[in-house]
Number of protein chains: 2
Amino acid sequence: MNAEIAEIAEKPERKQQQRSVVTQQKLLDAAIEAFSENGFKGTSTRDIADRAGVHHPLITYHFKNKDQLWRAATDRIFRDFNISLVKAMAEIPDAEPKAKAEAFVRTYLHYSRSQPALHRIILQEANGEHERMQWLTDNPLRPMFDEVHKALANLQSIGVAPQGSPAMLFNMIRVCAGGLIALKLELKSTSNIDLDSDEQIAELGDLIIRVFFPGDPPKIN
Amino acid sequence: MNAEIAEIAEKPERKQQQRSVVTQQKLLDAAIEAFSENGFKGTSTRDIADRAGVHHPLITYHFKNKDQLWRAATDRIFRDFNISLVKAMAEIPDAEPKAKAEAFVRTYLHYSRSQPALHRIILQEANGEHERMQWLTDNPLRPMFDEVHKALANLQSIGVAPQGSPAMLFNMIRVCAGGLIALKLELKSTSNIDLDSDEQIAELGDLIIRVFFPGDPPKIN
DNA sequence: AAATTTTTTTCCAAAGTGGACTAGTTCCAA
DNA sequence: TTGGAACTAGTCCACTTTGGAAAAAAATTT
């Protein structure tokens, strides 16, 4: 009967404890690992909690449910990648377009190696018409892609990148980096390629650049 | 006490019924679909049976268990691909190396489109140190790769393919084809690319060839 | 019709599922 | 230092799913 008039809801606002952010991080790390290995359906909350070394009801406490945990985990992957990318670009603020593209490729490669889930999570969700795939495209993916497509079109216009659909070209580059790293276990035994080694990662980067950006950049002055 | 002396095991050998090969095919098709979507762990035998429209104990009857079914399904994918490949090559028995490479790329693209599991199944197993991955590399993969690496090295020596590790180069080509098709659902919404369309598949083929085989083939005489 | 292959139907024991709930502990703020 | 909030541990639950066994029924071949 008596209406809840706590509309303005003065919050006491006590700060989050340190140990809590630690468990959240542990859970996120474990979730990223598990989801990228076995997909959403193939992963149980208990598996995640075990990997994190944490009691499984803590997932409910910190993330409400499995779905929210997936979102938080995915969000973290792409957010971190974006940070790496921004940082790398900030180091070469007025480089030529080609040099920037090279930096992009190498940053993507290095981040993918430390976090192969960047590509794998997408692959796991690209199998059916899940709402999770929708969320991925709407949130981290399409905005980033649109930007990169433009940069690539520019590279084509100055003769650095080969002609053809920029979108197609970008996705080719993307799978050559992230897609190959997602296969690194296979590559080790089928092709004697060890993408955990710095040398071979660098070699892959060189190859990608040589193949996809064969043109010489026009001199600035 | 009385030893089983049926060593030579004269088999009456009654012929397999037609309906049985049909259900086997249905089960294999369903298994390929399910395993490539959800991985081995994420797939239940009941799910497979449902997709096949068949009672689930038939899996035990025809394939002994889930593991054997996976092997049979995987075997079929690669066997069929090999058949497509041999057929395509037989049509151009004395073409130049570059033309053969182009035929390879296009065949791989077309087969991947009709059977995206060719790449997806590998990806599903490349996530941990499973014995299934071992089986994949030992049986269908490495033999095929070794051969292709050689052909690619030859293309490099005649200046058609760019320099660099042939193995790395081959795997780049491979993911540009199969890896992109495995992502086709994502590409549709992030990049407006529809890899179910003949035109865009052809465009991708052109692009791969232009990027990875930029050199002109030397004239034969 | 007999023999055998294939399918149907039923069953099981075990494990795993996501999540609710309570009691206890640790920490922050006054 | 103490009240209360943030956090964790530990149980529990109702339910589904798991892979596979086993027996009975049906369909085909010989």
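Chain letters run A, B, ... following the sequence lines, proteins first and then strands; every chain starts at 1. All values below were derived from every heavy atom in this structure, side-chain atoms included, with hydrogens, water molecules and symmetry-related copies excluded.
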I need the OH-C1' distance between B:Y61 and C:dT9, as an integer number of Å. 16 Å

Residue closer to the 5' end of DNA chain C, A:T60 versus A:G42 (nearest nucleotide): A:G42

Rounded (10°) bend between the five-pair end axes of the helix from C:dA1-D:dT30 to C:dT26-D:dA5: 20°

Rounded to whole Å, the CD1-P distance (A:I59 to D:dC7) equals 16 Å

Between A:K41 (NZ) and C:dG16 (C1'), how many Å, whole number? 14 Å

Set of residues satisfying side-chain contact (heavy atoms from CB on, under 4.5 Å) with respect to B:D80, sequence neighbours excluded: B:R76, B:I83, B:Y111

Atom CZ of A:F40 and atom P of C:dT17: how far apart are they, to the nearest Å? 12 Å

Among residues at least two apart in sequence or on other chains, which ones pass side-chain hydrogen bond (donor to acceptor under 3.5 Å, both in side chains) with B:N139? none

Mind calculating the distance between CZ (A:F63) and P (C:dG19) to the nearest angstrom? 14 Å

Distance, rounded to the nearest Å, where A:N38 contributes CG and C:dG16 contributes C1': 14 Å

side-chain contact (heavy atoms from CB on, under 4.5 Å) with B:K188: which of B:I193, B:D194, B:L183? B:D194

Sequence-aligned protein contact record of nucleotides 9-14 of chain D, with B where the base is within under 4.0 Å of a protein heavy atom and S where only the sugar-phosphate is: SBBB--

Using whole Å, report how far CG of B:D47 lies from P of C:dT17. 16 Å

With a cut-off of 6.0 Å (strictly less than), are more than 12 heavy atoms of other residues, nucleotides or ligands near CG of A:D50? yes

Please determine if a side-chain N or O atom of B:T45 lies less than 4.0 Å away from the OP1 or OP2 oxygen of D:dG20. no

Name the atoms and distances for all side-chain donor-acceptor pairs under 3.5 Å in residues 140-153 of chain B, with sequence neighbours left out.
| residue | atom | partner | partner atom | Å |
| --- | --- | --- | --- | --- |
| B:R142 | NH1 | A:S189 | O | 2.6 |
| B:R142 | NH2 | B:D138 | OD1 | 2.7 |

Under a 3.5 Å threshold, yes or no: a donor from one side chain and an acceptor from the other, between B:H130 and B:E125? no

When you look at CG of B:D75, are more than 12 heavy atoms from neighbouring residues, nucleotides or ligands closer to it than 6.0 Å? yes

Can you tell me how far apart CZ (A:F78) and CG (A:L136) are? Round to the nearest 0.5 Å. 5.5 Å

Specify the residue among A:H62 and B:K64 whose closest nucleotide of DNA chain D lies further upstream toward the 5′ end. A:H62

Any side-chain N or O of B:S44 under 4.0 Å from OP1/OP2 of D:dT18? yes

Per atom distances to the A:R19 side chain, the nearest of C:dT7, D:dC7, D:dG20 is D:dC7

Keeping to residues at least two apart or across chains, list the side chain to side chain donor-acceptor pair (under 3.5 Å) pairs with something in residues 170-185 of chain A. A:N171-A:R174, A:N171-B:S191, A:R174-B:E186, A:K184-A:D196

Any side-chain N or O of A:S20 less than 4.0 Å from the OP1 or OP2 oxygen of D:dA6? no

Over how many whole Å does the gap from A:K66 atom NZ to C:dT17 atom C1' extend? 9 Å

